[in-house]
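This report refers to the structure that appears directly beneath it.
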Amino acid sequence: MDDLSNYGSSFEVGELLGLTWSTLFKNPAVFFGLPALASVCSFILSVYLPDGVQGIISFILSLVIQGAFVYGVFQSMTGGRASFGSSFSRGLARFFPILGTVIIYTVVFSLGLILFLVPGVIVMNIWHVAVPCCVVERTGVMASLRRSSELTKGYRWQIFGLTILVFLMMGFLAGIAGFASNA
């Protein structure tokens with residue numbers, strides 16, 4: 001059985017970002033093909049279906065793609081070979097547990113944000129790897145949340161810092177894209 005804790009015990013942000021890029025380019029058919037598939041499907045759905053139906057199908061597809069992406073990344077990072085088909089198949093097979101995990105995470109995270117912001121941030125850090133646990137270790141909803149709590153213990157400040165860094169980078173890139181589109 002695959003296990004996320006066997007991958008490594010260090011957490012360095014720079015190393016993680018470098019590993020991310022090398023993993024993405026190691027198997028571009030999976031890591032660029034899956035998002036491309038989602039984009040093409042969303043475009044086709046937006047042309048032929050009403051917004052509500054299109055939104056539901058796009059949400060379902062996004063969870064399958066997320067599971068497929070997680071599986072592909074894990075396979076690649078542990079020296080395995082992730083094919084487009086095997087990654088998509090794992091994402092599809094884990095759809096319902098991913099859905100349950102995402103629903104519980106979102107509800108508890110949102111309540112935490114509404115209450116005082118800090119509890120929401122704490123939940124975000126504790127359950128940060130719940131979906132990867134669900135996909136890689138094939139755990140159920142509650143087991144995925146518990147496993148994420150175990151795996152993030154001792155790394156929550158680093159996870160918080162990395163999350164802030166990613167949000168800042170996304171904001172910067174969105175700003176550049178907005179500036180470029182208005183020029």
Side-chain angles (χ1 to χ4, degrees), residues 2 16-17 19-77 80-114 120 123-124 127-141 144-145 148 162-183:
D2 293 324
L16 183 63
L17 292 175
L19 184 59
T20 299
W21 286 111
S22 68
T23 299
L24 289 176
F25 288 105
K26 191 186 296 184
N27 197 348
V30 173
F31 302 123
F32 296 105
L34 288 168
L37 173 67
S39 296
V40 168
C41 289
S42 291
F43 174 75
I44 292 169
L45 293 172
S46 70
V47 171
Y48 295 106
L49 296 175
D51 287 343
V53 174
Q54 182 260 336
I56 292 168
I57 294 173
S58 290
F59 175 71
I60 291 169
L61 182 60
S62 74
L63 293 181
V64 171
I65 297 296
Q66 182 180 4
F69 208 80
V70 164
Y71 179 72
V73 167
F74 181 77
Q75 288 297 97
S76 182
M77 290 173 64
R81 178 92 172 122
S83 71
F84 186 91
S86 68
S87 297
F88 189 80
S89 175
R90 176 67 72 97
L92 190 59
R94 300 300 300 159
F95 170 74
F96 287 109
I98 293 170
L99 176 63
T101 303
V102 167
I103 288 171
I104 290 176
Y105 175 96
T106 303
V107 168
V108 174
F109 173 70
S110 299
L111 287 173
L113 288 179
I114 290 168
V123 166
M124 175 189 70
W127 290 347
H128 196 79
V129 293
V131 170
C133 290
C134 178
V135 173
V136 172
E137 297 182 359
R138 298 180 186 168
T139 54
V141 174
S144 297
L145 297 170
S148 179
L162 183 61
T163 302
I164 296 298
L165 179 65
V166 168
F167 278 121
L168 290 173
M169 288 173 26
M170 289 171 52
F172 178 73
L173 293 175
I176 290 173
F179 178 76
S181 68
N182 290 329

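The figures here come from the full heavy-atom set of this structure, side chains too, leaving out hydrogens, waters and symmetry mates.
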Which is it for L99 and F59 under the side chain to side chain contact (heavy atoms under 4.5 Å, CB included) test, yes or no, and what are the steps along the way?
CA-CA 10 Å; L99 176 63; F59 175 71; 3.7 Å; yes
Please check if the side chain of [X] supplies one atom and the backbone of [Y] the other of a donor-acceptor pair under 3.5 Å.
{"X": "S148", "Y": "S144", "answer": "no"}
{"X": "R94", "Y": "T139", "answer": "yes"}
{"X": "S39", "Y": "P35", "answer": "yes"}
{"X": "S58", "Y": "Q54", "answer": "yes"}

Answer yes or no: is there a side-chain heavy-atom contact under 4.5 Å between [X] and [Y]?
{"X": "Y71", "Y": "S86", "answer": "yes"}
{"X": "V73", "Y": "F31", "answer": "yes"}
{"X": "F172", "Y": "L168", "answer": "no"}

Can you give me the closest heavy-atom contact between T106 and V102, atom names plus distance?
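Scanning both residues, the minimum pair turns out to be OG1-O, 2.7 Å.
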Closest approach of Q66 to V131 (non-hydrogen atoms, all atoms of both residues):
NE2-CG1, 3.8 Å
When rounded to the nearest 0.5 angstrom, what distance separates [atom1] in [X] from [atom2] in [Y]?
{"X": "F96", "Y": "T101", "atom1": "CZ", "atom2": "OG1", "answer": "13.0 Å"}
{"X": "M124", "Y": "T163", "atom1": "CE", "atom2": "OG1", "answer": "4.5 Å"}
{"X": "S42", "Y": "I65", "atom1": "OG", "atom2": "CD1", "answer": "9.0 Å"}
{"X": "S87", "Y": "L92", "atom1": "OG", "atom2": "CG", "answer": "12.5 Å"}
{"X": "L162", "Y": "F167", "atom1": "CG", "atom2": "CZ", "answer": "10.5 Å"}
{"X": "I98", "Y": "C133", "atom1": "CD1", "atom2": "SG", "answer": "12.0 Å"}

Where does the angle between the aromatic ring planes of W127 and Y105 fall among parallel (under 30°), tilted (30 to 60°) and perpendicular (over 60°)?
tilted
